[in-house]
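In what follows, residues are counted from 1 in the order of the sequence shown. Read the numbers this way: they start at 1 and go in the same order the structure lists the ligands and their atoms.
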Amino acid sequence: MIVVASSNGRIGINTATQILRQGGTAVDAVEAGIRLVEANPEDHTVGFNGYPNILGEVELDASIMNGRTLETGAVGALKGYLHAITLARQVMEQIPHVMLVGDGANRFAAEMGHPQQTDMLLPETREVWANRLRSDMSDFDIEQIAQRTDLAHWVQLATDPERAKGTVNFIVQDKEGNICTGVSTSGWAWKYPGRLGDTPIIGAGNYADNRYGAAACTGMGEMAIRACTAHSLVFYMKMGLSVAEASERAMVDLRDLHGRFISVMNLIAIDKDGNHAGYSSVDGRTYIYQTPDMPNCEELARTVVPVPPRWG
Ligand code: ASP
């Protein structure tokens, strides 16, 4: 039994581990751990008080995958509801679909009885958004932003790819050996409205298969979509590579992407025996893990496979 998470999962890892101690399932542990991160206003990359899109609206993406059945659920561009991971689980368990986005996701959240959260941003975070826009736009442009028909231009100027991103990743293996992965994010800060990253895309930001292992990503989601990173990593384990070798290979795939918009990527992974790995394209990134016999989580450095950044 083990819980492995991105380091911003620290606030939820004890709860997830306690669920395992009590004999709970990997799916329950993933959801419970991530809900605490989604509710944490200090985390500007997930859930409540996450950095908004270019219009100043918080749009959430999340997905969950059950490695026992390969069932999955995802939501994208969810607005006005906090617990995207719970909604993703409800997509997986309650309807014959795997992904709902935008108005459909909002509607399903209301149907499932999620409380509507009228303001997802604290005033100081709204100010960070406004200040970021002010460095490229006049006050008049900012006031008019919702009506503008040239957002594609502004989104190129106002993106901040090195700093304004993040996701929470949880991978859990329970006492039955079942693996579940969950990921949740407010996405890339100042993104174009409706932009989905890798988080709701199964095989890109999230994949779990009891037979081989699981992987989850944070970072420049567009890259993980282009390289199908989470599924590739699990596939490399299926082909006989260790979790470290498979992670390295998935990072090399990211490094080898051609074209523009290459930035930071990070991943965590476990194999079917619970061996884990954390990788990043930059120095100084960590991940955490906890087993039921550990009172607290341990933080480990991620192995670095450099991916030279390349923008416009
Ligand atoms: N992968 C997320 C996205 O692209 C953001 C991140 O993890 O940094 O939306």
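Nearest to atom 5 (C) of ligand 1 by heavy atom, out of G219, S263, G221, is G219. Among I201, T218, D198, the residue whose heavy atom sits closest to atom 1 (N) of ligand 1 is D198. Nearest residue to atom 9 (O) of ligand 1 from R195, K191, M223, E59 is R195 (criterion: closest heavy atom).
Using modelled atom types and a 3.5 Å distance limit, the side chains of N178 and Q173 yield no donor-acceptor pair.
Set against the non-hydrogen atoms of G187, the atoms of ligand 1 under 4.0 Å away are 9 (O). Which parts of ligand 1 touch T167 is read off a 4.0 Å heavy-atom cut-off, strictly below it: atoms 1 (N), 2 (C), 5 (C), 6 (C), 7 (O).
Separating the CG atom in L133 from the CG atom in D141 is a distance of 9.5 Å, to the nearest 0.5 Å.
Between the N106 side chain and the K79 main chain, a donor and an acceptor come within less than 3.5 Å of each other.
Aromatic ring centroids of Y51 and W190 lie under 6.0 Å apart.
In this structure, R249 is positioned above the aromatic face of Y236, its NZ or CZ under 6.0 Å from the six-membered ring centre and within 45° of the axis.
Between G166 and ligand 1, a contact under 3.5 Å exists for at least one N or O pair.
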